[in-house]
Chemist: 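Handing you a structure now.
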Number of protein chains: 2
Amino acid sequence: MLDPASDTPASDTKDRLLDAAERLFAAGGVGATSLRAVTAEAGVNVAAVHYHFGSKQELLRAVFVRRIAPLNEERLKRLDALEAQPDGPTLEATLEALVTPSIEFAEAHPQLSELVGLLYSEPVDEARALAHEVFAETMGRFCAALGRVLPAVPPADIEVRFAFVVGAMVHVLSRRAPLPHEPAEMRDALLRFLAAGLRAPADPRAPRRGAP
Amino acid sequence: MLDPASDTPASDTKDRLLDAAERLFAAGGVGATSLRAVTAEAGVNVAAVHYHFGSKQELLRAVFVRRIAPLNEERLKRLDALEAQPDGPTLEATLEALVTPSIEFAEAHPQLSELVGLLYSEPVDEARALAHEVFAETMGRFCAALGRVLPAVPPADIEVRFAFVVGAMVHVLSRRAPLPHEPAEMRDALLRFLAAGLRAPADPRAPRRGAP
DNA sequence: GTCTATAAAAGGATAGAC
DNA sequence: GTCTATCCTTTTATAGAC
C-alpha cells in the first residue's frame, strides 16, 4: 500500500470497482445491489466488471478477500508472537490479538466494519460459504488458544463462549448506530467484558445483586 | 392460535404467504428472494401477495411483526413482573427476562432464529428502520433496567456493554452452524457469560492468567 | 482495456375474467 | 378471493467496434 512501484497501481479500474462494490454491497446488501449500480458508482462501464472479475459472485469474493486476508494475517501474526513466549499468553493478551486488529482495520478502512457485518449476515449460501472459508482457520486457532489459557473451562463450554465473543465483536464492529466511545475506549471495554465473561464460573449460583 | 373460531383461520392464503416469505427471506435474503419464489413456495398465485399485502415491503413488515411482537411482549411482561417486586430484580433475573423468551420462541418457531439474524443484518434501509422500530422500545427498557442493577457501572459503559449483550445473543440465536448444546444449556451458558461480562470491573488491570 | 449496443431472462406490479 | 395474462422496468451477461 506504501509501495508505488507495486504491480497494483492505485485507482485502477479494478480497484475502483472493488471500492464501489464494497461500498454498495455493504450499504444495500449483495442481492439488492445491481452491477449497474456498482459500475455507475465506480464511474466505469457496465462491461468492465465482467471483463475483470467474470461474474458478480467473483467480484463479491474479491471484495472480501482484499480486506479480510490482511486482517487475519495480522491477527495470526500477533497470536504467533504470543505463543512463542515461554510462559504462554494471558487471556487478555489473546483476546487483544483477536480484537485489536479489527478495531485498527476498521479505523483505517471504515468500510470494513460494514463488510464484516455483511459477511456474517448475508444469508445467501455463497456468501456464507465464503465467510466460513475466510474465517474458519483463524477462528479455530483463537478458539484453541483461548481453551489453553482457560484450562478450568470445559472444551464444549469454550466453543460456546467463543461464539459469544465473536457475536459481541461482530455486532459492535458492524453497528450502523455509532457507539458513544472512541475506538480505543470501545476496544478496552470490549476486552474487559469478554475477559470477564470467559472467566465466568461454570456454576450459575452467584445471585449477587449490584455491581462488583 | 388455539382458537379455531378466530377470524384468522389457519392455513389461510395469507398465512401460507407469511410462512413461505419467512422461510425464503431468512434463507436467501430479501433482495435475492423474488415474489415469484415466495408464491411458488406457498402454492398460491403470483397476484396473491399484492392482493393481501400490497407490496414486497409490506409483506416483509408483516413477516417480522408476526413473530417479533409477541416475543417482545413476553420479554416486557417478565420485566414488568420483576420490577413490581419491592426489592427490585437481580442482574441474573433481568438478563433472563431478556434472553429466555428468545430461546423459547426459537424452539417453538425455528424460523425465528434466522429471522432475527436477518433483521439485524439486512443492510437495506427499510429493513434496518423496521428493526429499529420493532426493537427500540424493548431494548431501551432493558438497557435502563440493567443500568439500575449495575449502579457502579457508568451509564455510557452500560450502553456499550448492552451492545455486547445484544451482539452475543443475536449471534447465537441466528447461527446456522448448530452449537453443541441443548437450548437450556446454551441459555444458561449465555446468562453466565453475560452476567460476568456486565459485572466486569472498570479497571482493566487484572492480568490474572488461567481460569477463575 | 474500454466502450456501445443488445440479447435474453427475471423482476415487481396491475387489469380483468371468473 | 383467486386465477390468467400482460405491461414495463431492470437485471446479468455477451458480442463486437474502437
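Heavy-atom basis, side chains included; hydrogens, waters and symmetry copies ignored. All chains are named by letter (A, B, ...) in the order of the sequence lines, taking the proteins before the strands, and each is independently numbered beginning at 1.
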Chemist: Would you confirm whether A:Thr33, through its side chain, and A:Leu24, through its main-chain N or O, come within 3.5 Å as a donor-acceptor pair?
Modeler: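 Such a contact is found between A:Thr33 side chain and A:Leu24 backbone.
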Chemist: Does OP1 or OP2 of D:dT11 have a side-chain N or O of A:Ser34 closer than 4.0 Å?
Modeler: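 Yes, because at least one side-chain N or O of A:Ser34 sits under 4.0 Å from OP1 or OP2 of D:dT11.
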Chemist: Taking side chain as C-beta onward, heavy atoms only, is B:Leu17 less than 4.5 Å from B:Val38?
Modeler: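 They are in side-chain contact.
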Chemist: If you count heavy atoms of other groups shown closer than 6.0 angstrom to CD of A:Glu83, is the number above 12?
Modeler: yes
Chemist: Do B:Ser102 and B:Arg187 pair up side chain to side chain, a donor and an acceptor below 3.5 Å, judged on atom types alone?
Modeler: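 On atom types as modelled, these side chains do not qualify, holding no pair under 3.5 Å.
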Chemist: Rounded to the Å, how far apart are B:Phe53 CZ and D:dT2 P?
Modeler: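 Computing the B:Phe53:CZ to D:dT2:P distance gives 11 Å.
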Chemist: I need the NE2-C1' distance between B:His50 and C:dT14, as an integer number of Å.
Modeler: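 Roughly 8 Å, once rounded to whole Å.
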Chemist: Look at all strands and tell whether B:Ala48 reaches a base, only sugar-phosphate, or nothing, counting heavy atoms closer than 4.0 Å.
Modeler: nothing
Chemist: Nearest-Å distance, CG (B:Leu35) to C1' (C:dG11)?
Modeler: 9 Å
Chemist: Can you name the residues that form a salt bridge (charged side-chain N to carboxylate O under 4.0 Å, His left out) with A:Arg23, not counting sequence neighbours?
Modeler: A:Glu41
Chemist: Between B:Val46 and A:Lys56, which is nearer to the 5' end of DNA chain D once each is assigned its nearest nucleotide?
Modeler: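 It is B:Val46, whose closest nucleotide lies nearer the 5' terminus.
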Chemist: Treating a pair as Watson-Crick (purine N1 to pyrimidine N3 plus N6-O4 or O6-N4) or G-U wobble (N1-O2 and O6-N3) with both distances under 3.5 Å, list the stems of 3 or more consecutive pairs that involve DNA chain D.
Modeler: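 Ordered by first number, the stems with DNA chain D (at least 3 consecutive pairs each) read C:1-10 with D:9-18, C:12-18 with D:1-7.
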Chemist: Rounded off to whole Å, could you give me the NZ-to-P distance for the B:Lys14 and D:dT2 pair?
Modeler: 11 Å
Chemist: Sub-3.5 Å donor-acceptor pair from the side chain of A:Asn72 to the main-chain atoms of A:Val134, do we have one?
Modeler: yes
Chemist: Looking only at the side chain of A:Thr13 (C-beta and beyond, no hydrogens), which of the listed nucleotides D:dC3, C:dA13, C:dT2 gets closest?
Modeler: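 The answer is C:dT2.
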Chemist: To the nearest angstrom, how far is B:Arg36 atom CZ from D:dA5 atom C1'?
Modeler: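 Between C1' of D:dA5 and CZ of B:Arg36: 11 Å.
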Chemist: Answer yes or no: is there a donor N or O on one side and an acceptor on the other, between the side chain of B:Arg78 and the main chain of B:Thr100, under 3.5 Å?
Modeler: no
Chemist: Just how far, in rounded Å, is P of D:dA13 from OH of A:Tyr51?
Modeler: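 After rounding, the gap between these two atoms is 18 Å.
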Chemist: Figure out the CG/C1' separation between A:Leu17 and C:dC3, and round it to whole Å.
Modeler: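 After rounding, the reported distance stands at 14 Å.
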Chemist: Indicate, with a heavy-atom threshold strictly under 4.0 Å, whether A:Thr33 touches base, sugar-phosphate, or nothing.
Modeler: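 Result for A:Thr33 = sugar-phosphate.
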Chemist: Once you round it to whole Å, what is the distance between C1' of C:dA13 and NE2 of B:His52?
Modeler: 16 Å
Chemist: C:dT4, C:dT14, C:dG11: which one has an atom nearest the side-chain heavy atoms of A:Asn45?
Modeler: C:dT4
